[in-house]
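So the structure is just underneath, and the comments pick up after that.
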Amino acid sequence: MNRVAGKVAIVTGGARGIGRADALKLASEGARVIVADIDEAGGQAVAAEAPGIEFVRHDVRDEAAWQELVHATVTRHGRLDVLVNNAGVIHVGDPLTSERAETRHMFEVNVDGTMLGCKYAIPAMIDSGGGSIINMSSIASSSGLYFFAGYCATKGAIAAYTKVVAVYCAQNRLNIRCNSIHPGGIDTPMNTGLEREFAAKIAGMRLPANSPVSADAPKMRYGQPDDIAFAVVYLASDESRFTSGAEFYIENTSTITAAVVG
Ligand SMILES: NC(=O)c1ccc[n+]([C@@H]2O[C@H](COP(=O)([O-])OP(=O)(O)OC[C@H]3O[C@@H](n4cnc5c(N)ncnc54)[C@H](O)[C@@H]3O)[C@@H](O)[C@H]2O)c1
């Protein structure tokens, strides 16, 4: 019940999906949670679900907004212990069909958003005596899912940057951990939209008939948002105090077999 009692956590993209589950689980384990999202209605709804959650409208691409979010959090709650860089977007496209504007959108939200979060959370965590940063990567960081070409690149960048931050914090004795979580397919609104986009674009992409990748790929058996939230609680809590720079794959074998497990 109290695995993160007294901790103050920011969860980006917490208005729905995995971020919502992270926020609810952290709050149920005693944390004060700030859900930071561009979705005002969804964010307010999550805040109404538990007394320990509040919502702040926040675009992770906006550097000034990050300064304000961290400053307001510390002013209001006295500290910052946990940052979950969860906000993310996905677009479909292979190496020849990826659209530049969609790729830029993914890099700005997924990579810039994560880097800015680290940049402004670390000083606040130093002042708090330490902390934990949890970056939401994906199995896409290492699986060569070429129909999500740009998305894979952003998730690989997040995994690499997680190690940069982990080593920076360890070598400077900052008592701040940084780890990445790599979910497989999780049942969230992101995947509902993705299936539609995939269906619309698949005809224009090269997908060999004998490829283990098929039009059904996005429909592989999904996990639930809570499957990721349990790992977030572990990484946010002091239970993970000796864990930094690690990749947590939560994906029920999808990265070690060519077969889609349905
Ligand atoms: N669902 C999956 O199968 C899956 C698998 C692997 C990794 N992930 C990653 O997990 C994270 C959450 O995914 P999800 O499935 O819950 O997605 P989702 O689309 O259901 O929710 C994403 C949330 O991020 C918010 N968001 C988008 N752009 C934002 C911005 N600029 N600033 C602030 N918030 C913004 C959205 O409003 C939304 O509330 C993402 O980083 C995603 O890439 C998801």
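One-based numbering, in listed order, for ligands and for the atoms of each.
The CE atom of Met205 sits 5.5 Å away from atom OG1 of Thr97, with the distance rounded to the nearest 0.5 Å.
Checked against side-chain contact (heavy atoms from CB on, under 4.5 Å), Arg76 has the following partners two or more places apart in sequence or in another chain: Glu54. With sequence neighbours excluded, the residues satisfying side-chain contact (heavy atoms from CB on, under 4.5 Å) with Ala246 are Asn179, Thr243, Phe248.
With 3.5 Å as the limit, one finds no donor-acceptor pair spanning the side chains of Thr114 and Asn85.
Grouped with Phe242 in a hydrophobic cluster is no other residue, since no side-chain heavy-atom contact under 4.5 Å to another Ile, Leu, Val, Met, Phe, Trp or Tyr is found.
Closer than 4.0 angstrom to ligand 1 lie heavy atoms from Gly13, Ala15, Arg16, Gly17, Ile18, Asp37, Ile38, Asp39, His58, Asp59, Val60, Arg61, Asn86, Ala87, Gly88, Val89, Val109, Met136, Ser137, Ser138, Tyr151, Lys155, Pro183, Gly184, Gly185, Ile186, Thr188, Pro189, Met190, Asn191.
Taking the six-membered ring where the residue is Trp, His91 and His105 present tilted rings, their angle falling between 30° and 60°.
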